[in-house]
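Here the structure is a predicted model, which is why all the values come from computation and not from measurement.
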Amino acid sequence: MNLFNFFKKKKKTEGETVGNGEPSTEQISFAKMVLEIISPTVESFGFVRHAIEIKTYSTNVVYRKGKCYIKIDSTTYPTDYPYHYNIVLGEGDSEDFFDYDLSSIALCQLAKIMDSKTTSSSYDFPYNNDIKASILRANADLLKYGEDFLKGELTNFYQ
């Protein structure tokens with residue numbers, strides 16, 4: 001197999017669906033709850049909604065304030081099991097993967113830096129009646145571990 005053939009786009013066969021088509025109901029419900037609960041919190045610190053993308057297997061919501069951003073991303077893609085979501089704090093370009101990858105930290109990692117006793121990890125993707133409780137818990141964690149970042153104090157973030 002030629003290396004360049006590996007990167008060629010595979011043709012879609014009859015009856016095959018593409019995973020990034022219509023948003024799924026679980027991703028729509030997740031995004032609505034993020035906008036209902038987390039938006040007011042981050043907007044009260046001066047962040048502005050920059051982008052929202054809801055797909056079949058993922059949701060990405062980005063808020064920006066100056067050079068800082070907060071990104072909430074989820075995945076229910078079949079190969080990404082266990083399904084999860086994260087709150088990511090970053091500085092720089094939230095759209096460029098290389099910049100994003102090098103200059104951001106998941107809230108759960110920041111929590112471990114700030115409190116070595118925490119067992120924080122990415123959040124399990126919630127379904128149905130669990131969505132609101134999960135997003136409320138994530139919002140509380142954002143206020144607890146990310147408050148300095150929200151206020152523009154980046155010392156813990158840089159650490």
Side-chain angles (χ1 to χ4, degrees), residues 3 6-7 19-20 23-24 26-127 129-159:
L3 175 65
F6 180 77
F7 293 106
N20 290 333
S24 62
E26 62 261 5
Q27 291 293 343
I28 291 170
S29 299
F30 174 79
K32 283 182 181 178
M33 200 56 62
V34 165
L35 296 175
E36 182 180 311
I37 296 172
I38 295 180
S39 282
T41 299
V42 298
E43 289 170 355
S44 70
F45 288 93
F47 283 83
V48 176
R49 189 178 329 144
H50 174 72
I52 182 166
E53 181 179 47
I54 307 169
K55 296 180 180 179
T56 304
Y57 298 116
S58 65
T59 295
N60 288 301
V61 181
V62 179
Y63 300 91
R64 293 198 63 84
K65 179 172 86 172
K67 61 183 179 173
C68 296
Y69 63 88
I70 299 170
K71 187 173 193 175
I72 296 102
D73 58 5
S74 70
T75 182
T76 55
Y77 198 77
T79 58
D80 290 343
Y81 191 82
Y83 307 140
H84 62 278
Y85 71 97
N86 274 310
I87 298 176
V88 178
L89 311 176
E91 181 182 42
D93 187 354
S94 59
E95 309 301 320
D96 178 19
F97 171 77
F98 295 107
D99 195 20
Y100 166 83
D101 193 45
L102 292 172
S103 60
S104 66
I105 187 169
L107 183 63
C108 60
Q109 294 300 325
L110 184 62
K112 288 177 184 177
I113 291 169
M114 296 177 70
D115 180 5
S116 60
K117 295 178 184 176
T118 188
T119 58
S120 185
S121 65
S122 60
Y123 301 95
D124 292 334
F125 187 84
Y127 292 93
N129 297 333
D130 296 333
I131 297 172
K132 186 172 186 174
S134 179
I135 302 294
L136 284 169
R137 188 178 84 244
N139 192 54
D141 288 347
L142 178 60
L143 287 169
K144 181 176 181 178
Y145 299 112
E147 185 177 19
D148 288 345
F149 182 87
L150 291 168
K151 291 178 177 177
E153 171 52 52
L154 304 181
T155 304
N156 288 329
F157 170 78
Y158 288 141
Q159 183 180 2

Minimum heavy-atom separation for Ser122 to Cys108, with atom names? N-SG, 3.7 Å
Rounded to the nearest 0.5 Å, what separates atom CD in Glu53 from atom CG in Asn60? 5.5 Å
Any chance you could measure Thr56, atom OG1, to Ile28, atom CD1, to the nearest 0.5 Å? 9.0 Å
Can you tell me how far the CG atom of Asn156 sits from the CD atom of Glu147, to the nearest 0.5 Å? 11.0 Å
Could you check Ile72, Thr41, Leu150 and say which one makes a side-chain contact (heavy atoms from CB on, under 4.5 Å) with Tyr63? Ile72
Closest heavy-atom contact between Gly146 and Leu89? CA-CD1, 4.4 Å
Quick one: OG on Ser104 to CG on Leu110, what's the gap to the nearest 0.5 Å? 11.5 Å
Non-neighbouring partners of Gln109 that pass side-chain hydrogen bond (donor to acceptor under 3.5 Å, both in side chains), sequence neighbours left out: none
Polar side chain donor-acceptor pair, Gln27 to Thr59, under 3.5 angstrom: yes
Side chains of Asp80 and Ser58, heavy atoms from C-beta outward: is any pair under 4.5 Å? no
Given Phe30, which partner from the list Tyr83, Tyr57, Tyr85 fulfils the ring-ring contact (aromatic ring centres under 6.0 Å, His included) test? Tyr85
Near Asp115 CG, under 6.0 Å, is it more than 12 heavy atoms from other residues, nucleotides or ligands? yes
Heavy atoms, side chains only, cut-off 4.5 Å: are Leu107 and Ile70 in contact? no
Taking the side chain as C-beta and beyond, is there a heavy-atom pair between Arg49 and Leu35 under 4.5 Å? yes
Over 12 foreign heavy atoms within 6.0 Å of OH, Tyr158: yes
To the nearest 0.5 angstrom, please state how far the CZ atom of Arg137 sits from the CD1 atom of Ile37. 12.0 Å
Minimum side-chain heavy-atom gap Ile105-Phe157 below 4.5 Å: yes
At what distance, to the nearest 0.5 angstrom, does CG of Leu136 lie from CG of Asp141? 11.0 Å
What's the shortest heavy-atom distance between Tyr69 and Glu91, and which atoms? CE2-N, 3.5 Å
All heavy atoms of Asn86 vs all of Ala106, minimum pair found to be OD1-CB, 4.3 Å
Heavy-atom closest pair (Phe149 atom, Cys68 atom, distance to 0.1 Å) is CZ-CB, 3.7 Å
Report yes if the distance between the aromatic ring centroids of Phe125 and Tyr123 is under 6.0 Å, otherwise no. no
For the residue pair Arg64 and Val48, establish whether any side-chain heavy-atom pair is separated by less than 4.5 Å. no
May I have the step-by-step check of side chain to side chain contact (heavy atoms under 4.5 Å, CB included) for Ile87 and Ile38, ending in yes or no? CA-CA 10 Å; Ile87 298 176; Ile38 295 180; 4.1 Å; yes
